[in-house]
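Have a look at the structure below, then the notes.
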Amino acid sequence: MSQNNIDNKENILEKIRPYIKKGESITLGEKLKYKEKTYMKIYLNKGILATIKKQENEVLFIDESFKFIDKEPILKELLKLSHYEKIFLMKIIK
């Protein structure tokens with residue numbers, strides 16, 4: 001198994017831990033395929049104080065090399081894919 005395996009939860013947590021601030025937690029979301037690359041959606045939960053202050057939680061994406069995606073066109077496509085996947089799954093469940 002490759003060291004850079006996006007399927008391995010421990011690898012992901014190890015790679016992104018330095019970017020998590022005190023009081024924040026993460027939840028791993030779904031994997032998405034876009035243009036033959038795999039991306040992982042990560043929810044960054046700001047904690048109870050952020051909830052009280054009504055601050056938004058963040059959504060981040062990493063690629064197969066554990067690099068954060070910051071290019072706006074790719075982010076937009078990944079967010080669209082994620083949204084459509086959620087709608088599709090909700091229709092299947094009903």
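All values derive from a computational prediction rather than experimental measurement. Because only heavy atoms are used, hydrogens play no part in the values below, and waters and symmetry mates are left out as well, while side chains stay in.
Distance CG/L60 to CG/L75: 9.0 Å, rounded to 0.5 Å. For the atom pair L44 CG and K21 NZ, the distance stands at 8.0 Å (nearest 0.5 Å). Once rounded to the nearest 0.5 Å, the distance linking NZ of K37 with CG of L78 reads 10.0 Å. For the atom pair CG of D63 and CZ of F61, the computed distance is 12.0 Å after rounding to the nearest 0.5 Å. Expressed to the nearest 0.5 Å, how far NZ of K9 lies from CG of L28 amounts to 6.0 Å. Separation of atoms CZ (F68) and CD1 (I62) is listed at 6.5 Å; rounding is to 0.5 Å.
In this structure, E64 contributes its side chain and T38 its backbone to a donor-acceptor pair below 3.5 Å.
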Test side chain to side chain contact (heavy atoms under 4.5 Å, CB included) on L81 and Y34 and set out the steps.
CA-CA 8 Å; L81 282 171; Y34 176 67; 3.9 Å; yes

Applying side chain to side chain contact (heavy atoms under 4.5 Å, CB included) to I74 and E77, what does each step give before you reach the verdict?
CA-CA 5 Å; I74 296 174; E77 290 302 316; 5.8 Å; no

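Within a 6.0 Å radius of OH in Y19, other residues, nucleotides and ligands contribute 12 heavy atoms or fewer.
The side-chain heavy atoms of I42 and T27, taken from C-beta on, include no pair separated by under 4.5 Å. Within the 4.5 Å cutoff, no side-chain heavy atoms of I12 are placed close to those of E10.
When the side chains of ILVMFWY residues are joined at heavy-atom separations under 4.5 Å, either directly or via intervening members, L32 and V59 end up in a single hydrophobic cluster.
Shown here for E30 and S82, the closest heavy-atom pair between the two residues is OE2-OG, 2.7 Å.
Side chain to side chain, K41 and Y39 fail the donor-acceptor criterion of an N or O pair below 3.5 Å.
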